[in-house]
Amino acid sequence: MIFTILKVIGIILLVVLALILTALLCVLFVPVKYRAVGSFDNTDIRAKAHVSWLFHLFALHIEYAQETDGYIRLAFVKKKLFDNYEALDDDDMDEAAKTETEDKISENTGDGPKIPADESEHITDEQAEDECTARTHNEYRSVTDENQHIKQQTKPTHKKTYKKPHKKSHKKQFKDKSDKIKNCIYKLKREYSDERNKAAFLHLKKELFIILKRICPRRLKLTMVYSTGSPDTTGISLGILACFPVGYTNRWRITPDFESEKPYAKGSFDIKGHVIVISILAATLRILFDKNCRRLYNRISR
């Protein structure tokens, strides 16, 4: 009996360990895929971005046209990321305010049925009596309000006063952050000029290029027709774009329009790639365990 219980416990532990190991291997070796597709026509931009992992079991989807929409999916549970509320334009708000004031005016002026002439004198007498009684009530109410106000002023106040904590202004916070960034840049320049840190900077450069290469998209397609409004600047911009080898490797189709007198740009793009966590983690660990990089970090963080 005891052996069977131990056997069942051992099998359960092995299954749990196998599941943990499988999940760890999936996190490290299953790539995170991403893709972005879109089109543009001057300021009219439409784009879709999708990130998925583990056979689309976990996914993130974002769309942008006139509004931003998207969702995140974990297994079979989907949740929206943005709640789009329709806001009123200024014209709509003006129309709403105008209709509201017109309704109030119509209520006050009275568009109801007309009263006959023989009953008007009786109604005016009743209105005069109502106005007199309302006036006396208002006078009595004002006197009582003044008496209560005088009593409240004569009562001693024992309220405690708390000082608000002093908050730094936005300018001071921005100045402090800029000073920290300037100090960090100055330390980096000082350490870079030191001959003892050349090996650390070379190692950092090598590993950061590896990380950037693993993150960069494998496919970057671009189709575009554009014009700057004048033929000379259109040709200059085309020459600048031709200097980048990414256009040759991905076979970009860029067509300049030398005849148009108005600047415009329209086209489409397709970006696709994947990231493997084990490669990023390996490069990060190589940086952390390098003795030159650790010594450089200690010198900068002083």
Side-chain angles (χ1 to χ4, degrees), residues 10 13-36 49-60 62 72 74-75 167-222 240-241 243-250 269 271-302:
L13 289 174
L14 285 173
V15 170
V16 171
L17 287 173
L19 289 174
I20 293 171
L21 184 63
T22 304
L24 184 63
L25 291 174
C26 287
V27 169
L28 292 176
F29 292 100
V30 175
V32 179
K33 298 180 180 180
Y34 64 89
R35 188 176 183 181
H50 189 80
V51 181
S52 62
W53 178 70
L54 198 61
F55 307 106
H56 297 272
L57 194 62
F58 302 94
L60 172 68
I62 296 173
I72 185 169
L74 301 175
K167 292 183 179 179
K168 291 183 178 180
S169 62
H170 293 289
K171 290 182 179 179
K172 185 121 192 239
Q173 289 178 357
F174 180 75
K175 187 179 179 183
D176 293 340
K177 289 180 180 179
S178 62
D179 290 338
K180 287 181 181 179
I181 292 169
K182 286 178 183 178
N183 191 17
C184 184
I185 292 170
Y186 172 73
K187 286 182 179 180
L188 283 172
K189 286 181 179 179
R190 184 188 64 191
E191 297 300 331
Y192 184 76
S193 60
D194 193 353
E195 291 293 332
R196 294 175 295 179
N197 297 323
K198 291 290 184 182
F201 278 104
L202 287 173
H203 186 71
L204 277 172
K205 181 181 176 182
K206 178 183 175 183
E207 297 299 333
L208 288 175
F209 269 112
I210 290 172
I211 293 173
L212 188 63
K213 188 177 179 181
R214 298 289 186 271
I215 294 173
C216 281
R218 301 294 188 271
R219 184 176 70 187
L220 181 58
K221 287 186 177 181
L222 177 64
I240 293 170
L241 289 171
C243 294
F244 296 99
V246 66
Y248 299 109
T249 55
N250 291 280
F269 60 88
I271 302 169
K272 188 177 181 181
H274 65 270
V275 179
I276 301 175
V277 177
I278 187 65
S279 59
I280 310 298
L281 184 63
T284 307
L285 290 175
R286 285 195 296 268
I287 292 171
L288 292 175
F289 287 107
D290 186 69
K291 60 179 182 179
N292 296 319
C293 293
R294 287 204 308 270
R295 186 180 62 189
L296 177 62
Y297 174 76
N298 293 328
R299 287 174 65 89
I300 293 173
S301 60
R302 285 178 190 173

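Reckoned from all heavy atoms, side chains included, excluding hydrogens, waters and symmetry mates. This structure is a prediction, so every number in the text was calculated from the model and none was measured.
- Between the side chain of N298 and the backbone N or O of R294, at least one donor-acceptor pair lies under 3.5 Å.
- With rounding to the nearest 0.5 angstrom, the NZ atom of K182 is 15.0 Å from the NZ atom of K177.
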Using residues 275-284 as the side-chain source, report each donor-acceptor pair under 3.5 Å to any protein atom, sequence neighbours left out, with the distance given to one decimal.
| unit_1 | atom_1 | unit_2 | atom_2 | d |
| --- | --- | --- | --- | --- |
| S279 | OG | I276 | O | 2.7 |
| T284 | OG1 | I280 | O | 2.8 |

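- By the side chain to side chain contact (heavy atoms under 4.5 Å, CB included) test, Y192 pairs with K198, F201, sequence neighbours left out.
- Listed by chain and number, the residues in a side chain to side chain contact (heavy atoms under 4.5 Å, CB included) with I181 are I185 (sequence neighbours excluded).
- To the nearest 0.5 Å, the span separating CD1 on I300 from CG on N197 amounts to 7.5 Å.
- Between R196 and R295 the shortest heavy-atom distance is O-NH2, 2.7 Å.
- Considering all non-hydrogen atoms of both residues, C293 and H203 come closest at SG-CD2, 3.7 Å.
- Two residues are said to be in side-chain contact when any heavy atoms from C-beta on lie closer than 4.5 Å; E207 and I210 meet this criterion.
- With a 6.0 Å radius and a threshold of 12 heavy atoms from other residues, nucleotides or ligands, K175 has its NZ atom at or below the threshold.
- In this structure, L296 and A200 approach most closely via the heavy-atom pair CD2-CB, 4.0 Å.
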Donor-acceptor contacts under 3.5 Å from residues 19-35 side chains, at least two apart:
| unit_1 | atom_1 | unit_2 | atom_2 | d |
| --- | --- | --- | --- | --- |
| T22 | OG1 | A18 | O | 2.7 |
| Y34 | OH | I215 | O | 2.6 |
| R35 | NE | D270 | OD1 | 3.2 |
| R35 | NH2 | D270 | OD2 | 3.0 |

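- Side-chain atoms of H50 and H56, non-hydrogen and from C-beta on, do get closer than 4.5 Å to each other.
- With sequence neighbours excluded, the residues that form a side chain to side chain contact (heavy atoms under 4.5 Å, CB included) with N250 are L220, V246, W252.
- Residues satisfying the side chain to side chain contact (heavy atoms under 4.5 Å, CB included) test with L202, not counting sequence neighbours, are none.
- With rounding to the nearest 0.5 angstrom, the CD atom of E191 is 10.0 Å from the OH atom of Y186.
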